[in-house]
**Q** 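Before I ask anything, let me first share the structure, which is written out below as structure tokens.
Since the model is a prediction, treat every value here as computed from it, not as a measurement. So that the names make sense, note that chain A is the first sequence line, chain B the second, and so on, each numbered from 1.
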Amino acid sequence: MNKHDAARRAFLVRAAAGAGAVAGAGLVPGAFAETQEQAKEAVPSSAAPMHANVHANREIQGAFFNHADAATMAAFVERIMPGAPGKPGARDADVLNYIDLALSGAYSDLQEFYRQGLAQLGVYCGAKYKKQFAQLSAAQQDEVLTALDEGKATGFAWPTAQAFFNTVRTHTMEGMFADPIYGGNKDFAGWELVGFPGAQMFYSPKDMESKEAFSRAPIMGLQTGLTKISMGPSNGPARKG
Amino acid sequence: MATEKTDVVIVGVGAAGGILAAELGKAGMKVIGLERGPRLTTADFAPHDELRYFQRMDLRPSNKRQPITWRQNANVRATPMSILNYGNQAGGGTVHYGALSWRFHEDDFRVRSHTIERYGAKAIPADSSVADWPLTYADLEPYYDRAEYELGVSGKAGNLQGRKIDGGNIFEAPRRREYPLPALHPDQCGVLFNEGASKLGYHPFSSPRAILSQPYQDRPSCTYCGYCQSFGCHVGAKSSILVTKLPEADATGNFKLLTGTMVYHVNTDNSGRATGVSYYGPDGSDNTIEAELVILAPFIYDNVRLLLLSKTEKFPNGLANSSGQLGKHMTAHIMAKVFAAFDDRYVNVYMGPSAQKHALDDFNADNFDHSGLDFIRGAQICIGPADLEAGPIGTAMSLEPPPGTPRWGAAYRDFAAKYFNRYAAIVAQTENLPYADQAIDLDPYVRDQWGLPAPRITYNWKRPNELARVEFLMQKMEGIGRAMGASKVWRGGLGPGAPGAHHEGGARMGRDPKTSVVNRYSQSWDIPNLFLMGSATHPTMAGFNPTLTIQALAYLTADAIVNRYKKNPGPLL
């Protein structure tokens with residue numbers, strides 16, 4: 001992982017972990033504590049000291065999202081696929097990184113879709129809760145997503161609430177389950193969640209006849225060198241040089 | 001701007017165009033093939049990448065550069081559809097297809113006559129334009145046989161010269177000999193489907209697929225990796241045109257392929273003959289090919305669009321359209337789904353060739369008595385993943401959770417984690433009837449990257465006949481799911497009425513120049529040196545995937561051109 005990649009990851013990890021710190025004032029103590037608690041499971045402790053002073057280091061930047069939008073998206077995708085012990089979720093898979101990279105590349109035609117979707121979401125949450133999405137409790141965030149999913153959230157023109165929700169859901173699933181080469185599915189988190197062995201080049205008759213889970217490890221990705229060693233905490237964001 | 005002369009120009013070298021390139025080249029005709037996309041190789045297809053090929057559909061035409069628009073009826077504005085399931089490279093859709101290789105039934109070729117004979121004329125919906133084909137199964141059987149053996153299809157006969165054989169499809173029309181290759185090794189959803197359907201007295205079997213179960217013609221057998229539908233085969237075991245007919249065409253020394261070329265006009269002269277085509281090169285150049293024989297073999301939308309775009313004073317309604325039928329009578333399959341989930345075992349549906357793995361034909365065509373039912377025709381029912389491909393992205397997009405389980409959040413996560421390897425989808429591929437107002441024309445508002453009007457579809461499959469049939473099939477499929485021992489069985493949704501898979505029609509073949517666009521040889525009634533290949537010519541669609549029928553018709557046309565037309569150019573009828 002080169003220095004730029006490390007810095008990107010640092011930005012996105014903080015967006016995922018420290019939504020309140022990014023957004024500034026108005027934290028709900030409970031929600032913040034919960035977010036921080038979840039973050040401890042996912043974020044290497046060496047990264048923690050950087051949370052409080054995001055803007056101090058100017059080289060730290062996502063490929064597309066600004067800090068506030070990254071915080072919103074981190075919270076959004078985690079509610080779509082929430083992590084739990086033994087069950088990797090969107091944060092564990094680095095879904096935010098996947099979407100951030102996709103919007104700066106393959107999906108660049110969706111940049112305005114996301115900008116306006118996030119802006120409308122901000123207005124909706126501000127009017128209804130007097131807070132930003134990332135600052136809401138998990139239950140409130142689910143309430144918002146339900147309103148989007150069902151098309152009941154008011155004030156959305158383009159994209160519509162449902163179109164925005166459906167697109168984010170689709171991109172969350174892509175970030176969970178696409179090959180790690182695209183920036184999500186970190187450490188094959190998504191494939192481990194569902195028990196998918198990746199791009200195996202063959203199955204034997206015995207494999208085909210089994211009524212059990214397939215267990216011929218390893219999980220195969222596009223880059224066999226892209227293992228837990230190069231993707232993992234030892235190359236985490238706080239490491240310099 | 002370049003001008004070239006040749007004997008034959010073929011627009012689109014996919015399922016049909018590739019066969020014609022090989023056959024006409026072998027007959028000594030100089031052939032130029034024009035292909036919009038690239039020519040890829042087997043080496044391009046490893047390792048497999050679900051995001052690129054399934055989700056982002058990299059082997060299909062981009063809906064941004066080459067949009068196709070759709071509207072439910074003529075009173076609303078059409079909007080661009082998501083990417084459709086056809087090809088965008090040499091080999092066409094056969095590069096990425098699931099490789100299902102069916103022969104149609106005898107009655108599939110004479111739906112109108114057969115229905116009237118058995119149920120009376122009133123059984124046909126008044127607004128449906130179902131028609132007989134201008135040829136019979138017996139006419140096409142030698143060409144089905146040839147396609148199966150030349151390409152390499154795996155399966156088990158169920159009707160050998162009239163003798164019914166258990167384990168094959170006993171409803172199939174008689175075939176002269178066995179498949180060239182034995183059926184593919186069954187996976188666990190196939191085993192479960194076989195057991196469950198057999199308990200109910202149905203007749204399940206391994207679907208015939210153009211995937212090698214054993215080495216054949218110097219190609220290796222299938223590795224059962226599961227990356228078929230949406231993917232190119234990484235060992236060349238899928239009998240795509242790319243690895244079968246294009247090398248054969250190359251070997252004739254008479255074939256030249258121009259990739260990255262977009263044909264925008266079929267040229268005609270004052271005598272009403274086609275003189276060739278004009279195309280944009282990959283560098284934007286405007287070029288012409290002059291040819292004695294023009295064969296259009298792209299997917300149905302470009303076939304119809306090219307003819308409409310090529311109108312002249314002599315042909316004011318588009319080429320090959322004196323009947324006024326061009327663009328009409330379109331139809332497409334839909335995939336009605338029932339999901340089955342198993343708590344007590346794994347199914348591992350991602351193993352083995354991915355699409356329509358095992359099937360039953362008991363409720364297809366007129367294989368069952370429709371007396372007392374409020375619909376005609378049926379569907380092939382098959383087992384497989386939720387959307388023909390079984391990777392986790394495809395599953396997340398297409399495996400709809402059961403009622404009561406949301407599609408996001410912790411409960412969805414737990415559903416996905418538990419059932420990804422423990423489910424299968426039972427799918428009915430319905431023979432939707434043609435209706436004259438299901439049509440393709442030129443969109444007045446939307447243009448493609450070359451500035452050409454986009455093809456526009458006006459279509460809604462949700463007709464009384466079609467809805468009644470889906471309800472009937474859903475109940476049958478729920479029964480199959482329960483008989484398979486599933487702990488949960490539930491229905492999938494039906495969508496908004498858009499065309500699903502295997503779009504057909506728009507340039508139907510027939511016996512009468514007044515009511516059809518081409519004759520039984522796919523030759524234009526109006527312009528004898530113009531042939532239109534592919535599913536656009538199909539008057540009805542059967543419940544089966546169309547590719548083998550497209551290929552059999554291509555062999556029939558090749559024979560007619562080589563043995564008759566070449567010596568005496570002109571109308572074959």
**Q** Testing the basics here: between A:Ala199 and B:Tyr227, what is the closest heavy-atom pair and its distance to 0.1 Å?
**A** CA-OH, 3.4 Å
**Q** Which distance, rounded to the nearest 0.5 Å, do you find between the OG of A:Ser210 and the CZ of B:Arg345?
**A** 8.5 Å
**Q** A:Arg79 and B:Trp408: which non-hydrogen atoms are nearest, and at how many Å?
**A** O-CE3, 3.6 Å
**Q** Measuring only between side-chain heavy atoms, which start at C-beta, is B:Pro47 closer than 4.5 Å to A:Met220?
**A**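 When only atoms from C-beta onward are counted, A:Met220 and B:Pro47 do not touch, as no gap falls below 4.5 Å.
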**Q** Would you please say whether a donor-acceptor pair under 3.5 Å links the side chains of A:Glu209 and B:Gln188?
**A**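 Note: A:Glu209 and B:Gln188 side chains miss the donor-acceptor criterion.
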**Q** List the steps, then state whether side-chain contact (heavy atoms from CB on, under 4.5 Å) holds for A:Tyr107 with B:Arg56.
**A** CA-CA 10 Å; A:Tyr107 297 161; B:Arg56 295 181 179 170; 2.9 Å; yes
**Q** How far does CG of B:Leu51 sit from CD1 of A:Ile181, to the nearest 0.5 angstrom?
**A** 10.5 Å
**Q** With rounding to the nearest 0.5 angstrom, report the CZ to CH2 distance, B:Phe420 to A:Trp191.
**A** 10.0 Å
**Q** Identify the two heavy atoms, one from A:Val194 and one from B:Asn421, that lie closest to each other, and give their separation to 0.1 Å.
**A**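 Scanning both residues, the minimum pair turns out to be O-ND2, 3.3 Å.
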**Q** Mind checking whether A:Phe214 and B:Tyr346 have ring centres under 6.0 Å apart?
**A**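 No; B:Tyr346 has its ring centre 6.0 Å or more from that of A:Phe214.
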**Q** Given 3.5 Å as the limit, does a donor-acceptor pair link the side chain of B:Asn348 with the main chain of A:Met208, or not?
**A** no
**Q** Counting only heavy atoms not in B:Lys199, do more than 12 sit closer than 6.0 Å to its NZ atom?
**A** yes
**Q** For B:His185, which atoms come within 4.5 Å of any heavy atom of chain A: side chain, backbone, both, or neither?
**A**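 Both parts, backbone and side chain.
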**Q** Less than 4.5 Å to any heavy atom of chain A: does that hold for the side chain of B:Lys418, its backbone, both, or neither?
**A**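 For B:Lys418, no heavy atom lies under 4.5 Å from chain A.
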**Q** Mind running side-chain contact (heavy atoms from CB on, under 4.5 Å) on A:Thr170 and B:Gln55 for me, showing each step along the way?
**A** CA-CA 10 Å; A:Thr170 295; B:Gln55 182 70 357; 3.4 Å; yes
**Q** Tell me whether A:Asp179 is salt-bridged to B:Arg52, with the criterion being a basic N under 4.0 Å from an acidic carboxylate O.
**A**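 No, this pair does not count.
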**Q** Within this structure, what is the NZ-CG distance for the pair A:Lys87 and B:Asp414, rounded to the nearest 0.5 Å?
**A**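 So the NZ of A:Lys87 and the CG of B:Asp414 are separated by 3.5 Å.
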**Q** Side chains of A:Met201 and B:Thr223, heavy atoms from C-beta outward: is any pair under 4.5 Å?
**A** no
**Q** Under 4.5 Å heavy-atom distance to chain A, tell me which part of B:Pro186 shows up: side chain, backbone, both or neither.
**A**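 Only the backbone of B:Pro186 comes within 4.5 Å of chain A.
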**Q** Side chain from CB out, backbone as N, CA, C, O: work out which of these in A:Asp109 comes under 4.5 Å of a heavy atom of chain B, or both, or neither.
**A**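 For A:Asp109, the contact with chain B is made by the side chain alone.
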**Q** Under 4.5 Å, counting heavy-atom pairs only, tell me which of A:Thr146, A:Asp149, A:Asp207 racks up the most with chain B.
**A** A:Asp149
**Q** Determine whether a donor-acceptor pair (N or O, by modelled atom type, separation under 3.5 Å) exists between the side chain of A:Arg169 and the backbone of B:Arg407.
**A**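 At least one qualifying donor-acceptor pair exists.
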**Q** Would you say the rings of B:Tyr350 and A:Phe196 are close, in the sense that their centroids are separated by under 6.0 Å?
**A**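 Ring centroids of A:Phe196 and B:Tyr350 are less than 6.0 Å from each other.
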**Q** With a 4.5 angstrom heavy-atom cut-off, is it the side chain or the backbone of A:Tyr182 that approaches chain B, or both, or neither?
**A**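 Contact with chain B: side chain only.
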**Q** Taking B:Arg413 for its side chain and A:Pro82 for its backbone only, find out whether a donor-acceptor pair lies under 3.5 Å.
**A**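 Checked: pair present.
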**Q** Check A:Gln200 against B:Cys225 and note the closest heavy-atom contact, atom names and distance.
**A** O-CB, 3.4 Å
